> 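Please read through the structure below; I'll follow up with questions.
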Amino acid sequence: MKKLLFLLCLLAALLLTGCGGTQAPRANTDAGDYIVVGFSQVGAESDWRNTNTRSMQEAPSERNGYRLIFDDSQQKQQRQITAIRNFIQQEVDYIVLAPTTEEGWDTVLSEARAAGIPVIIVDRMIEVADEELFTCWVGSDFRKEGRTAVAWMEEHFGDQPLEIVHLQGNIGSSAQIGRTEGLDEGLAAHENWHLVFRGAGDFTQAKGQELVEALLNEGVPFNVIFAENDNMAYGAIDALKAAGLEPGRDVVIISFDANRAALELILKGEISCDVECNPMHGPRVQNIIEQLEAGETPPKLTYVQETSFNEETLSPEVLEWREY
Ligand code: AHR
């Protein structure tokens, strides 16, 4: 009888644990059976970022067994470090980090490692002494994006003289570093391409507008704006129009992200070339977590496939199927 009771208990225990025994027990008991994910987001500086937040909130959601703890760092790295420490204290199952800048993560990620929490990096990249401090990364090849924009400029202008205004994203972020490197390569290869201004617009529309307004007020001559994202391009366009200039005709605008609204501006002739940066990372992160939960090893680095759009090739039909 005792033996039968023991066997019944064993069977019940196996059923309760799902028999497999490969899944780590959920650390956060308050969250029941959910997989708890702490997500530290850069902020809400751009349309791209807001789409990315939506994608992250919709994919790994309570509908499919996740509980996402979302933290907006308002573009401040220190706030992200605090958020990660809070996630560690809450004993989340995974930490997902969309980093503001590349450097400065070693200490806090060592703390996450000591707590045994896998860290997934999304969108921008980080620079750490020990690559084992993060489990894997998924995001964009920002240098390639910069080179794609420069390839379009080469095809379009060749060695014609250009007076270029360069609106940078927040300094030290991979998106800024890669796109700036792309332009620098173009500048080095074309002696007639002149950089008349370079400054950080932090990926925001307000700063993009402010910087271009100031240049126009100072009377700095330019015929190209290389804006490192769509929102800065929108701000630049507003400033040009307010000064009576016609974007696309008086000043060529090159941008990044390729949000739907920016593609509409290509069709109107205001933006000439826009290099895509894909924000739909939610399902990709969910897929990585599912692989980890299944005991598999996802690729360390996953680059998202991206394209570019320009005034010669974009057709209105593209907008019909565009997700963002
Ligand atoms: O890291 C991606 C960049 O960050 C996007 O180009 C920009 O719009 C966002 O703020």
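These figures come from a predicted structure and were not determined experimentally.
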> Flag yes if more than 12 heavy atoms outside R198 fall under 6.0 Å of its CZ atom; otherwise flag no.
yes

> Is the positively charged end of R322 above the ring of Y324, judged by distance under 6.0 angstrom from the centroid and angle within 45° of the axis?
yes

> Keeping the roles fixed (side chain from D230, backbone from D47), state whether a donor-acceptor pair exists under 3.5 Å.
no

> Looking at every non-hydrogen atom in both residues, tell me the closest pair between Q57 and S61 and how far apart they are.
O-CB, 3.5 Å

> For the CD atom on E191, are there more than 12 heavy atoms of other groups (residues, nucleotides or ligands in this structure) within a distance under 6.0 Å?
no

> Identify the heavy atoms of N223 and E163 that sit nearest to each other, and give their distance.
OD1-N, 2.8 Å

> Just checking Q74: does its CD atom have more than 12 heavy atoms from other residues, nucleotides or ligands closer to it than 6.0 angstrom?
yes

> Please say which of I237, V251, L240 ends up in a side-chain contact (heavy atoms from CB on, under 4.5 Å) with E270.
I237

> Would a line drawn from the ring center of Y303 to the ring center of W137 be shorter than 6.0 Å?
yes

> Would you tell me whether E228 and H166 have side-chain atoms, one donor and one acceptor, within less than 3.5 Å of each other?
yes

> Please determine whether a side-chain nitrogen of the Lys or Arg among D72 and R79 lies less than 4.0 Å from a carboxylate oxygen of the Asp or Glu.
no

> Strictly under 6.0 Å, is that where the ring centroids of F256 and F226 end up?
yes

> Answer yes or no: is there an ion pair linking R54 with E58, defined by an N-O contact shorter than 4.0 Å?
no

> Flag this pair as yes if the NZ/CZ of K300 is under 6.0 angstrom from the six-membered ring centre of F134 and inside a 45 degree cone about the axis; otherwise no.
yes

> Should the pair E102-R124 be classified as a salt bridge under the 4.0 Å nitrogen-to-oxygen rule?
no

> Tell me if the CD atom of E62 is crowded by more than 12 foreign heavy atoms within 6.0 Å.
yes

> Mind checking the CE-OG spacing from M125 to S173? Nearest 0.5 Å is all I need.
14.0 Å

> Can you find a side-chain donor-acceptor pair between E213 and Q209 that sits under 3.5 Å?
yes

> What are the two closest non-hydrogen atoms of S40 and F87, and how far apart are they?
N-CE1, 3.8 Å

> In terms of hydrophobic clusters joined by side-chain contacts under 4.5 Å, are V92 and I121 together?
yes

> Look at the side-chain heavy atoms of Ile, Leu, Val, Met, Phe, Trp and Tyr, link any pair under 4.5 Å apart, and say whether L187 and V224 land in one connected group.
yes

> Does a salt bridge link E111 with R85, judged by any charged N lying under 4.0 Å from a carboxylate O?
yes

> Could you tell me whether the side chain of D202 and the main chain of T204 form a donor-acceptor pair under 3.5 Å?
no

